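Note that these values count all heavy atoms, side chains included, but never hydrogens, waters or copies made by symmetry. Bear in mind the structure is a predicted one, so any value in this text is a computation, not a measurement.
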Amino acid sequence: MALEYDLNIKSKKIFSQKLGKYLISKEYIYEKKHEEKLVIFDLYKPLGFIISLFVIENKYFDYISNENQCIEKEWHYSSLISFRLDKDYDYLNVRINMLDIIIFILNQTKDDLLLLFNGDILILERTNGKIILNKNAGFWNSDKLIKKITIL
């Protein structure tokens with residue numbers, strides 16, 4: 001089973017151009033594909049994942065929160081940035097690589113957002129400018145990560 005992290009941004013904007021420029025600035029070699037309203041960045045070799053970007057209308061969420069409560073939420077639209085991880089890539093490095101891109105995206109928008117693991121476990125949430133990390137999310141609740149995110 002593949003591991004997926006979905007960064008849902010309460011926006012109709014697709015961040016593919018900004019992300020492409022960022023990846024070039026970091027000198028990552030990637031393959032970019034366009035399929036209708038979907039943009040895919042194949043970063044399996046350099047970073048250990050593929051990123052898919054697209055906009056969804058009427059996005060419904062059903063996820064486990066920080067307090068192990070089930071949260072249901074609906075947005076009229078969501079810009080989705082999906083990370084599909086290579087199961088054979090070093091798991092710590094792939095998450096560090098993904099975090100670098102997530103922090104870049106956090107700095108590109110002030111919109112509300114949710115980072116969900118496999119679609120149903122909350123990792124990070126930003127609502128009205130306030131960032132909350134899931135305290136039960138292991139790697140994602142490290143002091144170094146909290147310091148990186150709180151300076152945004």
Side-chain angles (χ1 to χ4, degrees), residues 1-64 73-127 129-134 137-142 144-152:
M1 180 174 136
L3 299 176
E4 290 194 26
Y5 288 86
D6 292 335
L7 182 62
N8 294 275
I9 305 167
K10 197 172 186 180
S11 173
K12 292 182 180 179
K13 200 185 322 183
I14 294 182
F15 294 86
S16 59
Q17 287 184 331
K18 288 183 180 184
L19 180 57
K21 288 178 184 176
Y22 180 70
L23 295 172
I24 289 169
S25 77
K26 300 284 275 186
E27 299 182 359
Y28 294 132
I29 297 172
Y30 62 88
E31 185 179 334
K32 184 177 176 182
K33 302 173 191 169
H34 292 271
E35 298 175 9
E36 290 188 34
K37 296 181 181 182
L38 172 69
V39 179
I40 299 169
F41 289 91
D42 185 342
L43 295 156
Y44 261 152
K45 288 183 182 175
L47 301 180
F49 49 79
I50 289 177
I51 302 174
S52 303
L53 300 96
F54 52 98
V55 173
I56 300 171
E57 292 189 22
N58 299 316
K59 176 69 175 168
Y60 174 78
F61 301 98
D62 183 7
Y63 59 88
I64 305 293
K73 190 181 285 194
E74 188 171 358
W75 291 350
H76 294 293
Y77 47 83
S78 174
S79 179
L80 177 63
I81 302 173
S82 181
F83 297 83
R84 185 173 180 90
L85 280 56
D86 179 351
K87 64 180 173 134
D88 296 324
Y89 204 91
D90 179 88
Y91 191 52
L92 176 62
N93 283 334
V94 75
R95 290 181 297 169
I96 290 169
N97 294 338
M98 183 175 54
L99 177 60
D100 179 54
I101 291 174
I102 290 169
I103 289 174
F104 169 76
I105 297 295
L106 283 168
N107 283 311
Q108 301 305 306
T109 180
K110 299 293 182 200
D111 296 312
D112 291 352
L113 55 82
L114 297 169
L115 176 62
L116 301 175
F117 173 62
N118 282 347
D120 61 0
I121 298 173
L122 178 68
I123 301 298
L124 178 143
E125 178 177 14
R126 180 168 64 195
T127 304
K130 183 179 177 186
I131 295 176
I132 299 168
L133 282 171
N134 185 341
F139 166 86
W140 298 99
N141 195 29
S142 72
K144 287 182 182 179
L145 175 59
I146 291 170
K147 285 177 187 173
K148 278 187 173 187
I149 291 176
T150 54
I151 59 172
L152 297 176

Heavy-atom side-chain contact between N118 and L3 under 4.5 Å:
yes

CG/L122 to CG/L133 distance, rounded to the nearest 0.5 angstrom?
9.0 Å

Beyond-backbone contact of Y22 with D100, side-chain heavy atoms, under 4.5 angstrom:
yes

K73: salt bridge (Lys or Arg N to Asp or Glu O under 4.0 Å) partners, not counting sequence neighbours
E125

To the nearest 0.5 Å, what is the distance between CZ on R95 and CG on L85?
9.0 Å

Separation between CD1 (I101) and CZ (F15), nearest 0.5 Å, reads 14.0 Å

Between atom CZ of F49 and atom CG of D86, what is the distance when rounded to the nearest 0.5 Å?
11.0 Å

Look up atom CG in N134 and atom CG in L124, then write down how far apart they are to the nearest 0.5 Å.
9.5 Å

Please step through side-chain contact (heavy atoms from CB on, under 4.5 Å) for the pair L106 and I102, ending with a clear verdict.
CA-CA 6 Å; L106 283 168; I102 290 169; 4.2 Å; yes

Selection residues 74-84 - residue pairs positive for side-chain hydrogen bond (donor to acceptor under 3.5 Å, both in side chains), sequence neighbours left out
E4-R84, D6-S82, N8-S78

Restricting to pairs with a member in residues 23-46, which pass side-chain hydrogen bond (donor to acceptor under 3.5 Å, both in side chains), not counting sequence neighbours?
none

Determine whether V94 and F83 make a side-chain contact, defined as any pair of heavy atoms from C-beta on separated by less than 4.5 Å.
no

Here the gap from I40 atom CD1 to I51 atom CD1, rounded to the nearest 0.5 Å, amounts to 11.0 Å

Hey, which of N107, D112, D111 is the one that makes side-chain hydrogen bond (donor to acceptor under 3.5 Å, both in side chains) with T109?
D111

